[in-house]
Structure formats: C-alpha cells, structure tokens
Amino acid sequence: MSENIVTLTDVHLKRAGKPVLVDLSLRIPRGKVTAVIGPSGVGKTTLLELIGGRLRPDNGYLLVDGLSVPDLGRRELFELRRRMGMLFQGGALLSDLDVYENIAFPLREHTHLPEPVLRQLILMKLELVGLRGARRLMPDELSGGMTRRVALARAVAMDPQIVMYDEPFTGLDPISKAIIVKLIKKLNKTLAITSIVVTHDVVEAIQIADFVYMLGEGRVLASGTANEIQNSTRADVRQFLQGQADGPVPFHYEADDYFSDLFNAGLLNKDEQR
Amino acid sequence: MISGVRRIGAYSLSVLAATGRACILLIQMLGSIPSSVRRYELFVEQLFRVGVLTLPIIIVAALFVGMVLALQGYNTLVDFGAESSLGLLVALSLTRELGPVLAGLLFAGRAGAALTAEIGLMKATEQLAGMEMMAVDPVRRVLLPRFLAGMISVPILAALFTAVGILGGYLLGVNVLGVDQGVYWSVMQEGVDFQQDVLNGLLKSLVFGVLISLLAVFMGYDARPTPAGVGTATTLTVVLSSLLVLAMDFSLTSMMF
Ligand SMILES: Nc1ncnc2c1ncn2[C@@H]1O[C@H](COP(=O)(O)OP(=O)(O)OP(=O)(O)O)[C@@H](O)[C@H]1O
Ligand SMILES: [Mg+2]
C-alpha cells in the first residue's frame, strides 16, 4: 500500500472552453485529513469530480488507490466508487425517502444484509452524527445543519476508504460548524478514513487538516501542514487567509476591457448574439 | 438571412443529437434489464404510480368518449336506417383508433409529465449525481423501472379505455337511444376481427407506450438542471409525445388497415 491514496500529476482541465485546472499536481496521504482551500471558482468542486470519476482530465495522470481513474471502465469505476463517499455541497439526499431510508439506500443497493443487521448499521451511523432520534423525518423537514449530518452519515454508510467533503461548513452556524469539524475528525480517527475536505472556510480547514493545499489560478499555490500555511509569508496566501477583497488573487472573473464593454452596446459582441 | 439559415441548421443538429442521445439511453436501459430482474419491486412500485394512478382519468374519459360516439354515431346511422350497426361503429372506432390514441394522450399528460418533472428535479437537486457517487447507476435504478412501467401500462390502459368506452356506448345506445341490446353485441362479434382490429390496436398502443415513456424519462434525464429547464422539459414531453402519438398513429394506420 502506497502512502498516497490519491495522486494527481500535471492535470489539465477545461470547462466550457475555459481552463480551470492547469498543471495541477497534488497528493493526498492515506488515512489523513487533507484540506483543499482556495477562493470560490478555482475548481475545488471540479477537483472532487475528477477524483470521483465524474469528469475526465484533458491531460495528466490521476491515480486513486493505484487505479488510473480516467482509464477505468464504467464497471470498474463503480467498483472504485463503492470505496468512496462524497458529501455534496447541497446534501443530495433523496427527497422521497426519510432519513433512515436515505442511509439505507447504498446498503440496500450494494449488499444483501438481513433487515435487523441493516437496522443496526444504520442506527450506528445515525448515532455517530447524533440524529438517531430524527430517523423518521423527511429531508424537507431537516435544517441545513441536520441535512449535512445525514448526508455525512450516508457518505460513510458503506465504510469507505476515502470521503470527500465539498464545502461541509458553508451556510452553517458556528455550533453546527463545530459539530461537523468534530465529526470529520472523529470519522477520520475511528474509521481510519482518508478525508479530503474542500472548503473556503480557512479557520475550520486549519483546525482539522493534517495537510493543506491552497489552490489558485488552477494550480497549487501553496501547500504544507496547517501550521506552515498559517505562517506563510506569501502575499497571495496571506490575502486569502486574511480575507482581503483584492490583491494578487483578482476579484474579477476574467473579462474584456471594462470601458469598451460598457460602451459597446450597439455592437453586441458574439456571445450575446446567441 | 444567413443567420436564419444557420439557426435552422443549428436547431436541426441539436434535435438530431438529442435523438441520438435518446437512442443511446434506450440501449443503456435495455442493456441493464438482465441485472435488474432481481429488483422487480422497483418496477412494481412504478407500475402502481404510473399505471394504476392513471386509471381514474382513463375510465372517466373512456365512458364519455363511448357515450359521445354512440350519440353521434346513432344520429348519422339513423338517417340510413342502419342504427343497428351502432355497436360495430363504437367498437371499431375504439379498438382501432380512439382507445390507443386517447389513452396515449391522456397518459402523456398525466404520467409522462410527472415522470419528466420528477427525474428532472432529481437531476437539478444533484440526487442523480449523488447516486452515481454511491456507485448506483441512475439509469438502472431510476429510469429503467419508470420506462418499463410506462411501456407496459399504455397498452393495458388502452385496452381498458376501449372496453369502458364500449360499455359507455352500450349504456347510452341501449338504455337511452333504444338500440336492441342483443344486436349491439352481435354486430360487434360479427364485425370486429381479433387479429385485424384488436391485435393491431394493441400493437399501436405498445408503440405509443414505448415512445411516450422513452420521451418522458429522456427529457427529465437530459433536462437543464434548473427550474426553467425542468419546466421546459415537462412541457416538451407533453407536446412532443402528443404530436408523436398522432403522427405515429397516422403512419401505423396507413400500414395496418
Ligand atoms: N458544469 C459546468 N460547466 C462549465 N463550467 C463549469 C461548470 N461547473 C463549474 N464550472 C466552472 O469551473 C470553474 C470551477 O468551478 P468549481 O465549481 O470547481 O469551483 P469551486 O472552487 O468549487 O467554487 P465554490 O467554492 O464556489 O464552490 C468555475 O470557473 C466555473 O465557472
Ligand atoms: Mg464548489
């Protein structure tokens, strides 16, 4: 077993014609919590979609647990995904099933466990996230924080080796944030799960991560242990950590010259003609 | 001028591409049937939601259509002194045309639209993506049972439509208009051919069932994952499947009869 469970080497990816990831190389150590931080729109979710095999890189190598994800067939990819859990930004719970059945879903799909065993497994996962009492609620009856916790319980239902968390903290109050931080740590310790936490909440990321990657302009801007990142003297890293609006990391999405754009209303440019 | 031509070209291409994607989806669904036999309960559940829940509207509509047929048919036939053939007229109209076509149209509006909206919304809320990441194929788990249930439901609903319609014609023709009850049934028995009329009608409705169900699940699966996208897809399902049913009906009729 190699030390790194996920390895990206010189990964290139364009989305809608715009390069999102440029020569991205990073390694995710096995059994650790790795945080990937960076401003909105740098391609953090995109990175997770690559690792999960939902997108293919245009170029470069991507290994997960020794398998080259872009070269996997559908069946092998699904085989690999059984060993992965993913927490979506919006939870992605099945809205017609209650909390209990949502967590049962992957187990029912992939195993033939008898109902009593299934029930025990589900209750254990629910207890882990503190929602054993909420098992009969429907997803639309849950608060944002509870949704996140149910999604978390579902993501680990199959006891995966890797769990990817996409923005697990956004939109939560400080208490719920603290709960999620605690849960991610607990899952990592008790189940020895490799955790990839993608977030722009620097404080939380630094609290839980063993190792931090900071992305910018489609590549790794900085990396290191949580401490090293925190004490970095680089201007772009400092800008992000301290939350300054403009700096080396530009505030604006790439655009044509502002002045000519404003006064060119007569000559609609090509993309607005459509 | 040029841009108009270009737009037509682009539109035609997009329609062609969508047709291609729909065919690929169909192949994917058919290919995943063997591995889904074990999960027949998913199919049964959809059969209930798609088929059984469409029953009331089918029965009520069929009753009225049968009565209208009897009324109009009687008024015309009576001029020629042929009102005794009423049963045959009602039965032939329903088995050959009205049963399959109207059941198809009603099904598209009631169940097809619901299927598209449901699947589109699941896509928009990342539920399908979530399934994929749990190594569950949404085509197999979500689309296939709905498609099969729709495909099976339409012929059954069409047959029921026909039967109830004939009964409606009977109620009005015999009880109100005074056609002889024995004659109503016997002309039917004489004049309706099992293979020519009943089987062809069923075949039609099977074709409609495949078309509507494929369109409904495809439109949902292919929808833009936004509220407007799902709305458009739902409308398109109803409009396109209605048009397709009518157009297919014409081609099938010209081949069969
Ligand atoms: N479905 C898509 N089609 C085309 N481009 C996309 C799509 N999704 C994202 N992008 C583009 O890819 C880039 C990265 O998006 P991504 O969602 O990975 O950002 P992110 O880092 O997760 O941002 P956030 O922190 O806001 O979630 C953005 O510039 C975005 O415009
Ligand atoms: Mg994101």
Side-chain angles (χ1 to χ4, degrees), chain A residues 45 48-55 69 72 74-97 102-112 139-140 147 150-160 162-167 268 270 273-274, chain B residues 2-4 6-11 13-14 24-25 27-29 31-32 34-42 45-46 48-50 114-115 117-146 220 224-227 230:
Chain A
T45 302
L48 294 187
E49 291 188 324
L50 274 174
I51 297 174
R54 288 176 46 72
L55 291 175
V69 176
L72 291 182
R74 196 175 173 75
R75 181 177 293 241
E76 299 156 311
L77 184 62
F78 273 42
E79 209 54 52
L80 176 65
R81 281 181 184 167
R82 287 191 194 198
R83 293 184 268 140
M84 292 183 183
M86 171 136 179
L87 185 74
F88 279 79
Q89 241 168 319
L93 295 180
L94 299 169
S95 46
D96 291 323
L97 302 179
N102 257 290
I103 297 169
F105 184 83
L107 296 166
R108 287 194 200 284
E109 291 297 318
H110 294 308
T111 67
H112 301 270
D140 56 2
T147 304
V150 175
L152 224 168
R154 188 179 68 175
V156 297
M158 292 286 291
D159 292 322
I162 312 173
V163 179
M164 300 187 274
Y165 303 89
D166 194 0
E167 308 282 5
L268 281 180
K270 51 188 181 316
Q273 261 173 6
R274 278 185 275 130
Chain B
I2 294 290
S3 85
R6 192 197 298 165
R7 207 167 297 168
I8 293 173
Y11 181 74
L13 274 183
S14 76
I24 292 173
L25 180 67
I27 293 169
Q28 267 182 329
M29 285 196 292
S32 60
S35 55
S36 310
V37 176
R38 189 170 68 80
R39 303 297 306 274
Y40 67 92
E41 82 277 359
L42 294 173
E45 184 192 337
Q46 292 307 321
F48 176 79
R49 292 189 45 212
V50 167
L115 284 182
E118 183 189 16
I119 295 171
L121 221 68
M122 287 179 85
K123 183 178 182 187
T125 51
E126 290 193 313
Q127 295 184 41
L128 298 184
M131 273 188 202
E132 276 184 19
M133 285 308 297
M134 287 187 279
V136 175
D137 182 2
V139 170
R140 213 181 102 192
R141 177 63 173 70
V142 177
L143 271 60
L144 178 67
R146 285 165 175 76
R224 267 191 315 122
T226 61
V230 176

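So you know, we letter chains A, B, ... as the sequences are listed, proteins then strands, and number each from 1.
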Exercise for the section: Heavy-atom distances under 4.5 Å only: say whether B:Ala129 touches chain A with side chain, backbone, both or neither. Expected result: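 Both parts, backbone and side chain.
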
Exercise for the section: Please look at B:Arg38 and chain A and tell me whether the side chain, the backbone, both or neither of the residue comes under 4.5 angstrom of a heavy atom of that chain. Expected result: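 The answer is the side chain of B:Arg38.
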
Problem - For B:Ala135 against A:His110, the heavy-atom pair lying closest together - result: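 So the minimum-distance heavy-atom pair works out to O-CE1, 3.1 Å.
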
Exercise for the section: Identify the heavy atoms of A:Ala92 and B:Gly130 that sit nearest to each other, and give their distance. Expected result: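 Closest pair (atom of A:Ala92, atom of B:Gly130, distance): CB-CA, 4.4 Å.
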
Handout entry: Top of A:Ala157, A:Ser95, A:Gly90 for chain B proximity - count of heavy-atom pairs under 4.5 angstrom
Key =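 Result: the option with the highest number of such pairs is A:Ser95.
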
Exercise for the section: For each of A:Arg154, A:Met84, A:Arg82, tally heavy-atom pairs with chain B at distances under 4.5 Å, and name the one with the top tally. Expected result: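 Ranked by contacts with chain B, first place is A:Arg154.
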
Just how far is it from atom [atom1] of [X] to atom [atom2] of [Y], taken to the nearest 0.5 Å?
| X | Y | atom1 | atom2 | value |
| --- | --- | --- | --- | --- |
| B:Gln127 | A:Asn102 | CD | CG | 8.0 Å |
| B:Arg141 | A:Leu94 | CZ | CG | 8.0 Å |
| B:Met133 | A:Met164 | CE | CE | 4.0 Å |
| B:Gln28 | A:Arg74 | CD | CZ | 5.5 Å |
| B:Asp137 | A:Glu109 | CG | CD | 10.0 Å |

Exercise for the section: Give, as side chain, backbone, both or neither, the part of A:Leu77 having an atom under 4.5 angstrom from any heavy atom of chain B. Expected result: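 Looking at A:Leu77, nothing touches chain B.
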
Problem - Residue pair A:Met158 / B:Met134, side-chain heavy-atom distance below 4.5 Å - result: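 No, every pair of side-chain atoms sits at 4.5 Å or beyond.
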
Practice task
For A:Arg83, check side chain to side chain donor-acceptor pair (under 3.5 Å) against everything at least two apart and list the hits.
Solution key: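 Scan of A:Arg83 (side chain to side chain donor-acceptor pair (under 3.5 Å), adjacent residues dropped) gives A:Asp65.
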
